[in-house]
Amino acid sequence: MITFTTLVELIIGTLLIQNVLLSFFFGVESLESIKKEPKDVLRFTVALLLVLPIASVFSFIIKDSLLIQFDELGVVLYDLTYLNTLILVALMVLTVALVRLLLSVLFPKVLAYADTYLKHFTIHTMILGSLLVMVASVSTVLESFVFAVSASIGYGLVLLAVSAIEKQLNQAPIPKGFKGLPLQLVILALIALVFSAFNV
Amino acid sequence: MKTLTKQDTLQTLQEGLIQKNPILILMLALTPVLGVTSILDHAITLGLQTLVVLVVSTLVLSLVSTKLSEGMYLAVQVSIAALLVTISQMALQVINLALYEEISIYLSLTTLTVVILQRALTTSESVKPLFATVRNGLYGFGYIVALIILSIVRSVFTTGAVNLFGLQLRIFDVVYSFTLLETAFGSLLFLGLVLGYIRSRKEVK
């Protein structure tokens, strides 16, 4: 039975302690492609929130009902979890296509707002990585949903911090070669150092 | 349709290793790089898997690409890569289960690494399947070389030695503990400084 404490632990854990960007480096290569304004970070986070929770819930249901089955005594009847990668990748591609299709029919304005980033999610390491971690770590549908929402918000928060710090640092005399992704990685390193204090 | 010559091969090898290195210059698919370069065994395993999947999927894709519509291309490309990654993961489970379990997440992410590399290396000119396969293979070789170099340098910085599948080559005795460099902080800082240094050198030239 899932308790309120478990959910709070999961939210704090995913937001701060095991942040997907700072602990697993998921989606680190797209840092440079996101524009530096806070509204663009918000747009990216909204796009993530539209895709990741749905993909996460579907992944959990497929894993729980199709990939592995137990009998009444808890003995494994069959285990197809070695197909995780193939199924999660297919699910990621389908979810992105489905979300874009539904938004184009039901909420075209939302699609226009988030589509800049949505169309890149088919090959985004943040989505696939989060699904892989989720499948290995949660045990109920609700947890999978909460994990996905927390991971998306946690990713957005770190992006916001990086963009804000980079904006300030760009006024300093930084060597030209360090501008862009190298500087962002150094900033991320310092944020990771701060966040590691939560992991005691 | 362009065919493969010896000069093309040497030029592509040079580009893959130095001028257009996928990690150090193009800065592509950095997630697995950050995840595995702290241990040399992991870096070599992931690099080899990426190279094999990249070569085989490029060959398969270039053979069927003329029959695919534009809308289907990406879905087929991702599916082929995912299938090959799954097969390679099953092979690694048989060879070394402990190693597989340590980096299984990053091995799965190789699917996206391969697709990202293929998309970055695709040119507008029409080339023969063998040409495309060898070219992507040479870039994949540049990817694995960069992974190994980064991993060796990190290992030496953090432990003073290079460990490879149980063998140890000690460069110097560590007086201070550099455990901080083995964390996420170390991975990100190290790669950020290396990429920044290489870019700065290019600017000077």
Side-chain angles (χ1 to χ4, degrees), chain A residues 18-32 81-94 96-97 119 122-133 135-136 174-196 199, chain B residues 23 26-36 71 74-79 81-90 93 100 104-116 118-119 180-181 183-204:
Chain A
Q18 291 278 299
N19 186 290
V20 286
L21 179 53
L22 298 174
S23 298
F24 300 102
F25 319 113
F26 298 150
V28 77
E29 55 274 300
S30 63
L31 273 176
E32 206 173 23
T81 46
Y82 59 86
L83 293 175
N84 256 349
T85 306
L86 194 60
I87 287 176
L88 291 182
V89 167
L91 198 75
M92 183 176 73
V93 175
L94 287 174
V96 173
K119 57 189 172 191
T122 314
I123 50 167
H124 205 283
T125 50
M126 158 65 189
I127 308 274
L128 182 59
S130 301
L131 292 180
L132 286 161
V133 172
V135 162
I174 294 165
K176 208 175 169 187
F178 272 87
K179 289 195 172 172
L181 192 60
L183 181 63
Q184 288 170 335
L185 289 174
V186 174
I187 296 168
L188 267 185
L190 296 172
I191 298 174
L193 186 64
V194 175
F195 274 46
S196 67
N199 203 6
Chain B
I23 297 174
L26 301 180
M27 298 191 285
L28 297 169
L30 296 179
T31 303
V33 177
L34 285 160
V36 301
L74 182 62
V76 173
Q77 190 180 23
V78 174
S79 306
L83 182 66
L84 292 169
V85 166
T86 303
I87 294 169
S88 65
Q89 282 179 317
M90 288 158 79
Q93 280 180 37
Y100 165 78
S104 63
I105 289 178
Y106 296 106
L107 290 174
S108 298
L109 289 178
T110 307
T111 309
L112 302 184
T113 304
V114 167
V115 175
I116 290 167
Q118 282 174 337
R119 284 164 71 91
L180 200 60
L181 290 175
T183 59
F185 163 76
S187 301
L188 291 159
L189 184 69
F190 178 75
L191 194 65
L193 294 178
V194 169
L195 295 179
Y197 175 74
I198 291 168
R199 270 192 176 184
S200 299
R201 294 277 297 176
K202 276 184 79 184
E203 292 291 332
V204 171

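Naming convention: chains lettered A, B, ... in sequence-line order (proteins, then strands); numbering from 1 in each chain.
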| task | Examine whether an atom of L83(B) lies under 4.5 Å from a heavy atom of chain A, and if so say whether it belongs to the side chain, the backbone or both; otherwise answer neither. | result | both
| query | Looking at T113(B) and A29(B), what are the two nearest heavy atoms and their distance? | reply | CG2-CB, 3.5 Å
| task | Please flag which part of V85(B) lies under 4.5 Å from any non-hydrogen atom of chain A: side chain, backbone, both or neither. | result | side chain
| request: Could you pull out the closest heavy-atom pair between V115(B) and A81(B), with the gap in Å? | output: CG2-CB, 4.1 Å
| Any residue meeting ring-ring contact (aromatic ring centres under 6.0 Å, His included) with F24(A), in chain and number order, not counting sequence neighbours | F26(A)
| query | Is chain A contacted by the side chain of Y106(B), its backbone, both, or neither, given a heavy-atom distance below 4.5 Å? | reply | side chain
| task | Tell me, out of S79(B), A75(B), A82(B), S104(B), who's got the most heavy-atom pairs with chain A below 4.5 Å. | result | A82(B)
| field | Heavy-atom contact with chain A under 4.5 Å, split by part of L28(B) | value | neither
| Contact residues of residues 87-94 of chain A (partner chain B; heavy-atom separation under 4.5 angstrom) | V89(A), M92(A), V93(A)
| request: Using a 4.5 Å cut-off on heavy atoms from C-beta on, say whether the side chain of V20(A) contacts that of V133(A). | output: no
| field | Interface moiety of T111(B) toward chain A, non-hydrogen atoms closer than 4.5 Å | value | side chain
| task | Could you verify whether a donor N or O on one side chain and an acceptor N or O on the other, from Q89(B) and S108(B), lie under 3.5 Å apart? | result | yes
| request: Rounded to the nearest 0.5 Å, what's the gap from CG on L195(B) to CG on L183(A)? Could you check? | output: 12.0 Å
| message | Quick check for you: to the nearest 0.5 Å, what is the distance between T31(B) atom OG1 and L112(B) atom CG? | response | 8.5 Å
| message | Between L30(B) and L181(A), is there a side-chain heavy-atom distance shorter than 4.5 Å? | response | yes
| said: Does Y100(B) have more than 12 heavy atoms from other residues, nucleotides or ligands lying within 6.0 Å of its OH? | reply: yes
